Amino acid sequence: MRTLSITAALVCLALLGSVNAEEKLSMSDADKKMYAELLESNPAEMEVAEGEQLFGELVGTANYAKMLGVKEKDLPKYIASFPRYVESAKKVVTLAQTIQMAAAASEKPSPKLESKEMVKMSAYVKSIANGQKTSIDVKANKHMVEMMKLGQQVFEERRGGRGLSCNNCHSMDIVGQRLRMQPLPDLGAKETAAAGTWPAYRMTQSQMVTLDKRMQQCMKNALLAEIPLGSREIVALEVYVTNKTKGNPINVPSVKR
C-alpha cells in the first residue's frame with residue numbers, strides 16, 4: 001500500500017465513508033470496540049427521532065409533500081433524487097433547503113442551515129428514503145447539467161496556498177492510499193456510498209454531521225477557504241458527489257470514523 005507524502009497527509013481532503021475491513025486494521029482495539037458499540041446503538045438515531053418531532057412541529061410530511069408538488073406516499077422515492085431542480089425555487093436545491101422552503105410556505109421561521117435543528121431535521125427527512133437507491137438525474141434539465149458541470153469544476157479545482165482539490169484525495173489513481181492511517185475511499189463505491197450515508201454520526205467528533213458540513217471540514221483540513229453552506233458552489237459539489245453514489249442504497253444515519 002502506497003502512502004501519501006507527509007505534507008499531503010496533513011492537509012488533503014478526505015470524505016471518509018463507512019468503516020470497512022481494511023480501515024479496521026488501522027484502528028486501535030479501543031476504537032474497534034467503540035465502532036462495534038456504535039453500530040449496535042447509534043447515538044444519532046435519537047437525534048433523528050428528535051428531528052422527526054421538530055419537522056412535524058415545523059411543517060409535517062403532508063405539507064412538505066404538498067410544497068414539493070408530490071404525493072405524500074411518493075416522498076421516499078422523490079427524496080432519493082436530491083439534490084434536484086425544484087420549480088418553485090427556480091434552482092437546484094438540497095433537502096435542507098427544501099425544509100427552509102417548506103417553513104417559509106407555512107409562514108414559520110426558517111431554520112438556519114448550520115443549526116443543530118436543521119441537522120436533525122435533514123437527517124430525518126433523508127431517512128424517509130432509507131432503502132431507496134440514490135436516483136439523482138444530472139441530465140434531467142439544463143439546470144442540473146450546469147450544476148453537475150460546476151460541481152466537477154469545484155471538485156477538481158486546486159485552491160489555497162498548497163494548491164489542493166477534492167480530486168487530490170479522491171481521484172481513482174489516489175484511492176487506496178493512506179491518509180492518517182486510513183485508506184482514501186472511492187466516493188462512489190458501494191461500501192462507501194458517501195452521499196447516501198450522510199448525515200452520519202462521526203466517532204471523531206461525537207456528533208452527527210451533514211454531507212455539506214463534512215465537505216467544509218475537509219476544506220478546513222486542507223487549509224482552504226470554506227465554501228458557504230447553501231451557496232451555489234457547495235450545492236453543485238453535493239450534486240457531483242451524489243452522482244458518484246447513484247444507484248447505491250440510502251442508509252441514514254450511518255456511523256463514520
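Values below: all heavy atoms of this structure, side chains included; hydrogens, waters and symmetry mates excluded. It should be emphasised that the depicted structure is a prediction, and the values quoted were computed from it without experimental measurement.
Put simply, the side chain of Ser122 never gets that close to the backbone of Val119: no donor and acceptor are under 3.5 Å apart. Using modelled atom types, one side-chain atom of Thr242 and one backbone atom of Glu238 make a donor-acceptor pair closer than 3.5 Å. The backbone N or O of Thr197 sits less than 3.5 Å from a side-chain atom of Ser254, completing a donor-acceptor pair.
Residues Glu57 and Gln53 have side chains in contact (heavy-atom distance under 4.5 Å, counting atoms from C-beta outward).
When the side chain to side chain contact (heavy atoms under 4.5 Å, CB included) test is applied to Lys108, the partners found at least two apart in sequence or on another chain are Leu58, Ala103, Ser106. Partners of Pro76 under the side chain to side chain contact (heavy atoms under 4.5 Å, CB included) rule, at least two apart in sequence or in another chain, are Ile128, Gln132. Glu50 is linked by a salt bridge (charged side-chain N to carboxylate O under 4.0 Å, His left out) to Lys120, counting only residues two or more places apart in sequence or in another chain. Legend: residues meeting side chain to side chain contact (heavy atoms under 4.5 Å, CB included) with Gln100, ordered by chain and number and at least two apart, are Gln97, Ser110, Leu113, Met118. For the side chain to side chain contact (heavy atoms under 4.5 Å, CB included) test, residues two or more places apart in sequence or in another chain that qualify with Gln153 are Leu150. With sequence neighbours left out, Glu157 forms a salt bridge (charged side-chain N to carboxylate O under 4.0 Å, His left out) with no residue at all.
Summarising the local packing, NZ of Lys246 is surrounded by more than 12 heavy atoms from other residues, nucleotides or ligands at distances under 6.0 Å.
Applying the ring-ring contact (aromatic ring centres under 6.0 Å, His included) test to residues at least two apart or on different chains, the pairs with a partner in residues 96-152 are Phe55-Tyr124, Tyr85-His143. Counting only residues at least two apart or in different chains, salt bridge (charged side-chain N to carboxylate O under 4.0 Å, His left out) contacts with residues 78-91 comprise Glu87-Lys90. The salt bridge (charged side-chain N to carboxylate O under 4.0 Å, His left out) pairs that include a residue from residues 130-140 number zero, where partners must be two or more places apart or lie in different chains. Residues in residues 226-257 take part in these ring-ring contact (aromatic ring centres under 6.0 Å, His included) pairs, two or more places apart or across chains: Phe155-Tyr240.
Using a 4.5 Å cut-off between side-chain heavy atoms of Ile, Leu, Val, Met, Phe, Trp and Tyr, Ile250 falls into a hydrophobic cluster with Val252.
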Residues 62-69, side-chain donor-acceptor partners within the protein, below 3.5 Å, at least two apart:
from  : atom 1 : to    : atom 2 : distance (Å)
Asn63 : ND2    : Val59 : O      : 3.0
Tyr64 : OH     : Thr98 : OG1    : 2.6

